[in-house]
Amino acid sequence: MSSNPTNRESFGSKFGIIAATAGSAVGLGNIWRYPYITGENGGAAFIFIYLAIVLVIGIPVMLSEFTIGRRSQLNVFGAFKKLAPGKPWYLIGVMGVAAAFMILAFYTVVAGWTLEYLYQSAINGFKGKSAAELTSMFNSFTGSSFRPLLWYFIFMGFTAAIVMAGVKGGIEKSTKIMMPLLFALLIVLIVRSLFLPGAEKGLSFLFKPDFSKITTSTFLLALGQAFFSLSIGMGTLITYGSYIPKKDNLATTAVSVVITDTLVAVLAGMAIFPAVFAFGIEPASGEGLAFITIPNIFQQMTGGMFFSVAFFILLALAALTSTISVLEVIVAFFVEELKLKRSFATWIATLSVSVLGVFCVLSTSSLAGFKIAGLTIFGLMEFTTANILLPLGGLLIVIFIAWFYGRQNTLNELTNDGTIKARYIPVFMFVIKFIAPLAIAFIFLKGIGIIKI
Ligand code: PHE
């Protein structure tokens, strides 16, 4: 029975572990958010800060999550119940499952948009359209209800189908195909972009170090981006960590995942900005970049239809390898805590997330006027997770490991019970005891507006 931890599924190979985990990390955040933030916030200077943050905070939080997951061999809620019986730490698990519901609900909306745009690319739907027409095309699509809902459910369907097929047969198997494909598409797009006349202006937008743009808020921005991008703070990596075989070296896995995630973010910038500048377009951020600027470039480019299809497949794949990891958090919880069968758990999770998802889809159309605290439901889900639940979860996770679970237990897990070395442990413990909690507490307080700088 799948609820029995000893018969639990696990990932089958090192490559599978990395494909699945890096798949969770590499997502929409890498492709449309990171490149733009980098360009706007000091180029190489920002990349440098981001790297320092993922090194000092990202890797330790990730490693803490892996430790909790692999030691407990359980879902995010069960993990804390098992490692800290009778203590309220399981509330981190409750928060994680709640965050998974919320993230999946809004993230899948945008993931669905990528399918509409893939379809439009395939029928050459951007051809001959001006920037204004592309803008109104995007607004009228997101302002309608039927098609965004349809694509939302289709995307959810893909996500559910993979999760239902299990950890090894669904998640690992599919990410082992999707991640290499994602890399291949990215390389194709980079080569095309770099060979455009004027490409170097894009590279200089992206990479030219400008230390004058670095302020305290740059650090906070980089930290927030690192959390969302690395999928840390809500137990995705506790859940995936619980599927990592006992003989795997958790530290090298964490480092590989972080390197992959950062590399994809930087490469995405190298695919996008040379083309943006070569066509003399003002770079936009977020949705505007992916759904207006990019179609605008492709429709002017020779062979644009092909590259446009490649780009939207890339976005859809990046999103899918992330949505499955979020759904898995909920499904693992339902299977192990509520003793449901995986297929039934997947159905229940998918349908219940979709109730919230429908509200998120309609946030750009019929419910656009419906606001809570000045935000649409979509905006509220995004704000609450990115600015509150992930940092708070990350903070509590490192505090749990550093101050409650303790050095010896952690060392046992990280050395695979003494069979491999973990010479980094003193540094790791120091960071998760002091540096990471302080830094995270800072972005958290800033995110909810208590600290104003
Ligand atoms: N890391 C994903 C991205 O960058 C998003 C994500 C966040 C996935 C949290 C899982 C958990 O797009």
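Remember, it's 1-based here, ligands and their atoms both numbered in the order they're listed.
Ring-plane geometry between Phe158 and Phe155 is classed as perpendicular, the angle between the planes exceeding 60 degrees on a 0 to 90 degree scale with a lower cut at 30.
A search for salt bridge (Lys or Arg N to Asp or Glu O under 4.0 Å) contacts involving Lys168 returns nothing, not counting sequence neighbours. Residues forming a salt bridge (Lys or Arg N to Asp or Glu O under 4.0 Å) with Lys246 (at least two apart in sequence, or on another chain): Glu413. Every residue two or more places apart in sequence or in another chain that forms a salt bridge (Lys or Arg N to Asp or Glu O under 4.0 Å) with Lys14 is listed here: Asp248.
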* Determine, stepwise, if the pair Asn41 / Thr218 fulfils side-chain hydrogen bond (donor to acceptor under 3.5 Å, both in side chains). => CA-CA 7 Å; Asn41 291 279; Thr218 319; 4.9 Å; no

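Using modelled atom types, no side-chain atom of Arg342 and backbone atom of Ala165 make a donor-acceptor pair closer than 3.5 Å.
Under 4.0 Å from any atom of ligand 1, one finds heavy atoms of residues Ser24, Ala25, Gly27, Leu28, Gly29, Asn30, Ile103, Tyr107, Phe228, Ser229, Ser231, Met234, Thr236, Ser322, Ser325, Val326.
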